[in-house]
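The analysis underlying the following values was restricted to heavy atoms, covering all of them including side chains, and did not include hydrogens, waters or symmetry mates. Both ligands and their constituent atoms are indexed starting at 1 by order of listing.
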Amino acid sequence: MSHRRWFSETLTPGLRLSFQARRVLRHRKSASHEVALIDNEVFGRVLLLDGAVQLTTRDEFVYHEMMAHVPILGHGSVRDVLIVGGGDCGLAEEVLKHRGVARVTQVEIDPSVVELARTHFADINASVFDDPRFKLVVADAAEFVQRSGASFDVALVDSTDPLGPGAVLFTEQFYRDVRARLRAGGVLVTQNGVPFLQEREFAAAMRALARVFAHVGGYAIAVPTYFGGHLVLGWSTDDDAALRLPLPSLAARFDASALDTRYYTPRVHAAAFALPRFIEQALERAAGRRPASPFAGD
Ligand code: AG3
């Protein structure tokens, strides 16, 4: 019999996804979150914020590669990237692998998450802290995008789910303020949860995005510890050129980037926009139009 403690994701009423802790590395309330960091036999280090899994050492590559490389390679000439949230800095690491990226501004509300990740997720973020292109701003991102005069080619919202401090990052006003910070051809990618379990939240966010941007779509990824099936990353832009890029051009960009990936490939990039029907329909209903997609003309 083991007496090791179990930690649970409690995001969905009626369900618990539990991880046994070989070690509890941190469990306390910060100013904005209940933070739990444990070491688990299967997934390695597991970070939970307010009872929702944020990342694990074992499967973080899926989410971080797909959130970074799909918009950056699709856009093709990204210089300035805004990251909203992303306190573990695993996303910044993927973004900074692109040599053409000149500056990454990351706006995170909770510095204790950054400090914790710096100690315990060094294998996925150590390079970020020595990179002169990386700038961390400790602030509420909703306020930051309202008052900042900076411009970005890509904005990535690496948020928690729409509860607590993260809720403001799913509002129409926030999306309008982000849009105002994007250059022509700019793309916003958002964390939009697992539609199978979070259909209402997914639809609400897509509805808000569709009120703000000319083209709204999404692409699906499979992250083992985001329970409930595909997680969708939202894709919003006023210029859908990046979606119409032929696969051979994308493949050429990928080769030129010399990225060493474990999930992302140009084919996976294109295919991820082929959404399972229930997700595509939910998106279409919410947006009031067909999702922006490389397959939109099919
Ligand atoms: N933040 C997004 C986690 C979303 C999980 N939600 C869910 N399973 N419904 C990830 C932080 C990684 N940098």
> Give, for atom CG of Asp239 and atom NE2 of His75, the distance between the pair rounded to the nearest 0.5 Å.
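So the CG of Asp239 and the NE2 of His75 are separated by 8.5 Å.
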> Side chain of Gln106, backbone of Ile83: donor and acceptor closer than 3.5 Å?
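Not at all, since once roles are kept as given, no pair shorter than 3.5 Å links the two residues.
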> For residues Pro132 and Asp130, report the shortest heavy-atom separation together with the two atoms involved.
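Taking every non-hydrogen atom into account, CD-O, 3.4 Å.
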> Nearest 0.5 Å, what's the CZ-CZ distance between Arg176 and Phe213?
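Separation between the atoms: 9.5 Å.
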> Under the side chain to side chain donor-acceptor pair (under 3.5 Å) rule, collect the residues that match up with Thr56, sequence neighbours excluded.
Asp59
> Which protein residues come within less than 4.0 angstrom of ligand 1, counting heavy atoms only?
Leu11, Val53, Gln54, Tyr63, His64, Asp88, Asp158, Ser159, Asp161, Gln191, Gln198, Tyr226
> Counting N and O atoms only, with roles assigned by atom type, does the side chain of Arg26 sit under 3.5 Å from a partner on the main chain of Val35, one being a donor and the other an acceptor?
no
